*Asks:* 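Could you have a look at this structure, given as structure tokens, before my questions?
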Amino acid sequence: MKKLISDRIVYRPLLIAYVVYTPLAVLVVLLCRHQLNLDGVAYIRIAQYYTQGNFDLAITGYWAPLISWLLMPWHLASLNPVLGGHIVNAVAGALFMAATWYLGRCLNLRGTMAACLPLAAGMLALTWQGLGIIADVLFAALLTLYFARSYVACRSLRLRDALLAGGLAGVAYLAKYYALPFFLLHHTLATLGSARRTGSWRPEQAQWKCWFLGLAGCAMVAAPWWAVLTARYGRPTYATTGTIVHSLAGPAGFDTWPAQAITNLRPGRITVWENPDEITTPWPSWSPFSGLDGMLHQLRLVLRNVREVAMLLFAADGLGLLYFALLALLVISCLSVNNAFEPEPKTWRWALLAVGSYLSGLMLIFAGSRRYYWPLEGLLLVMVVVLFTRLATILASGRNRISICSSPRFWESLLGLVMIGAMALPGLETARYALSRPGTDVRRLALDLKGLGIEGPLASNEWHECVVIGYYLDTSCAGVPKGDSPDEVRTQLAKAGVRSLLLFEDEPYPSRAVPLLESVEYLGAAVHRIRQGDYRVAVYRLHEHLKQD
């Protein structure tokens, strides 16, 4: 009975956090249930291919498979997979809360500040909801769990802890491919660098065993998928994402994304974005080893990414606490053993190693989205608790014992409320966004087009909206025509077999759109004009005109 009561006390903060998080997450899911992004279309379509047994279309080295696997039951049950994707994100947010709370337990955090941790993590996870169907929420939860088990393995050097940490890294790889290179770097540095003998950095036998068992645990989970990708591409392959994200960071940039270019899709595809490996338009390539220009661009890229990380983490919460925790990692890890904030800086050094290992790969490629750094926010939030707990002790010391301010619990409660409030402040923007019912207008527009009998393949001056409309119409979006003359535009449309052109009239037209507009004038009057919300769309039927040409 005593153990049962003790367990209730331990889990109570997490349960209370779920009581607050769950209704708010459900509300956001309901308001944003029609929000569909390009990545979401890819995940949903890939899940559909799996349920149909069409593995040739389903297997890709660009999109990790876990999210699509989780969406398969929605297809099998004939339920709305868009809603299912938002529910998966909400559940992944709940898992992130548990993972952050568990990481705090592994770091031996106790007291009032530790009790505030899961609720603060829940407020943070709410800001990630409603943005579309993405793998980053689940990836953040899985990587935070990995951080927890990795910390335990580095401290205990027990083989089962290393095996479990590797297994979690393998699952994280199935959620997002970046987990594998990160794990190989971090696991090697963290395990072999945790010297047991004071003053020695030479790995001992126990560390070598933990290193090997960690790799084995990861391989047991991830190796089957490696084998599938290797068979798919005919060469050893763990992912193909790197080529595109490296191109995005190139010095040339893009006038138009290669993914947007008019193309003939494989039968069954809605968009080439379902598997960017099939994009025929070449992605600009570059190398930091191509000469002085390449090296200078790589240096500028690293500096730009460092600035991006600073700005994105500072904006992650209302007071920039996660950003200041990152700065504290840099400072406290370099302090002597006896310092004011942490008498034993090994925890801070371990956290700095985890953050540094994660960021080291992103610094070399395109890394300008906040969601890329969600996997670090749980760890940084835990370090905020470590910092605030020590700060509460310092503030309480030397006070009059009769005063309430002499109690560390008072300061921990006050700082805990500050932390929760800081994590909740960006939720105001999430609420504003959710109340706008994102995705509703595009869905209604698609239903209007379906009622008018509009057929695909489609083309448009707006790629994102065209792909989403293509999803709802179950027809393909060939892309955005681009050419130096109206004749070239018409040739592109004819080769792709485009039957309907959707012209979003209220969108600003870049100079490259002039040939497209001149082609529209050649087609004559639009057969339909539709208005939904902020969208004004003119619909042109192309197949008759293109046949005449």
Side-chain angles (χ1 to χ4, degrees), residues 7-8 10-33 35 40 43 64 66-74 79-106 109 114-149 168 171-172 174-176 179 316-317 322 370-371 373-382 384-385 416 419-420 422-424 426-427 430-431 433-434:
D7 287 345
R8 286 177 179 173
V10 168
Y11 289 101
R12 186 178 297 165
L14 183 60
L15 296 177
I16 293 174
Y18 280 146
V19 169
V20 177
Y21 170 84
T22 301
L24 294 176
V26 169
L27 182 60
V28 173
V29 166
L30 292 177
L31 291 174
C32 300
R33 64 187 182 276
Q35 172 65 352
Y43 285 124
L66 186 55
I67 292 295
S68 294
W69 292 347
L70 294 176
L71 292 175
M72 286 175 61
W74 297 84
L79 299 175
N80 183 0
V82 180
L83 175 61
H86 287 285
I87 292 176
V88 167
N89 277 349
V91 174
L95 179 61
F96 173 78
M97 296 167 61
T100 305
W101 170 82
Y102 179 61
L103 177 59
R105 300 291 297 178
C106 291
L109 296 181
C116 295
L117 181 58
L119 183 54
M123 296 297 101
L124 197 58
L126 281 172
T127 66
W128 306 343
Q129 304 301 320
L131 301 178
I133 302 171
I134 47 181
D136 301 87
V137 184
L138 182 59
F139 183 51
L142 292 171
L143 215 60
T144 305
L145 282 174
Y146 161 74
F147 285 142
R149 296 312 305 176
L168 286 169
V171 179
L174 295 177
K176 197 156 188 175
D317 64 89
L322 300 181
R370 184 199 159 194
R371 61 189 175 92
Y373 308 102
W374 291 350
L376 295 180
E377 293 185 11
L379 174 58
L380 292 176
L381 183 59
V382 169
V384 170
V385 173
M419 179 180 67
I420 293 172
M423 301 304 141
T430 301
Y433 176 74

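Remember, predicted model here, so these are calculated numbers, not experimental data. In this chain, residues are counted from 1 in sequence order.
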*Asks:* Using side-chain heavy atoms (C-beta onward) and a distance below 4.5 Å, is T144 in contact with F96?
*Replies:* yes
*Asks:* What distance do L379 atom CG and L143 atom CG have between them, rounded to the nearest 0.5 Å?
*Replies:* 9.5 Å
*Asks:* side-chain contact (heavy atoms from CB on, under 4.5 Å) for I16 and L119? Distances and angles first, verdict last.
*Replies:* CA-CA 8 Å; I16 293 174; L119 183 54; 5.8 Å; no
*Asks:* Any side-chain to backbone donor/acceptor pair from N89 onto G132? Under 3.5 Å, distance only.
*Replies:* yes
*Asks:* Provide the closest heavy-atom pair for L103 versus G378 in the form atom of the first, atom of the second, distance.
*Replies:* CD2-O, 4.4 Å
*Asks:* Do V91 and L70 make a side-chain contact, defined as non-hydrogen atoms from C-beta onward lying under 4.5 Å apart?
*Replies:* no
*Asks:* In the structure I gave you, are the side-chain heavy atoms of W69 and L174 within less than 4.5 Å of one another anywhere?
*Replies:* yes
*Asks:* Find out whether Y373 and L380 are in side-chain contact, i.e. whether some heavy atom of one side chain is under 4.5 Å from a heavy atom of the other.
*Replies:* no
*Asks:* When rounded to the nearest 0.5 angstrom, what is the spacing between CG in L126 and CE in M423?
*Replies:* 13.0 Å
*Asks:* Please report the shortest heavy-atom distance between Y18 and A98, naming the atom on each side.
*Replies:* OH-CB, 3.4 Å
*Asks:* Grab the two heavy atoms, one from A99 and one from A141, that are nearest each other, plus how far apart they are.
*Replies:* CB-O, 3.6 Å
*Asks:* For Q129 and V137, what are the C-alpha separation, side-chain angles and deciding distance, and is it a side-chain contact (heavy atoms from CB on, under 4.5 Å)?
*Replies:* CA-CA 9 Å; Q129 304 301 320; V137 184; 4.2 Å; yes
*Asks:* At what distance, to the nearest 0.5 angstrom, does CG of L381 lie from CE of M123?
*Replies:* 11.5 Å
*Asks:* Rounded to the nearest 0.5 Å, how far apart are CZ of R370 and CH2 of W128?
*Replies:* 7.0 Å
*Asks:* Can you tell me how far apart CH2 (W374) and CG (L124) are? Round to the nearest 0.5 Å.
*Replies:* 9.5 Å
*Asks:* Here's a test for you: under side chain to side chain contact (heavy atoms under 4.5 Å, CB included), which of L24, L30, V28 qualifies with V26?
*Replies:* L30
*Asks:* Over all heavy atoms of both residues, which pair between A115 and P13 is shortest? Give the atoms and the distance, please.
*Replies:* O-CB, 3.4 Å
*Asks:* Would you name the heavy atoms of I133 and H86 that are closest together and state the gap between them?
*Replies:* CG1-N, 4.4 Å
*Asks:* When you look at L142 and L66, which way does the side-chain contact (heavy atoms from CB on, under 4.5 Å) test go after all the steps?
*Replies:* CA-CA 12 Å; L142 292 171; L66 186 55; 4.1 Å; yes
*Asks:* Search all heavy atoms of G416 against all heavy atoms of C116 and return the closest pair with its distance.
*Replies:* CA-SG, 3.8 Å
*Asks:* Check for a donor-acceptor pair, side chain of Y102 on one end and backbone N or O of L145 on the other, with a separation under 3.5 Å.
*Replies:* no
*Asks:* Please check if the side chain of T100 supplies one atom and the backbone of P118 the other of a donor-acceptor pair under 3.5 Å.
*Replies:* no
*Asks:* First locate atom CE of M97, then atom CG of L14, and finally report the distance between them rounded to the nearest 0.5 Å.
*Replies:* 6.0 Å
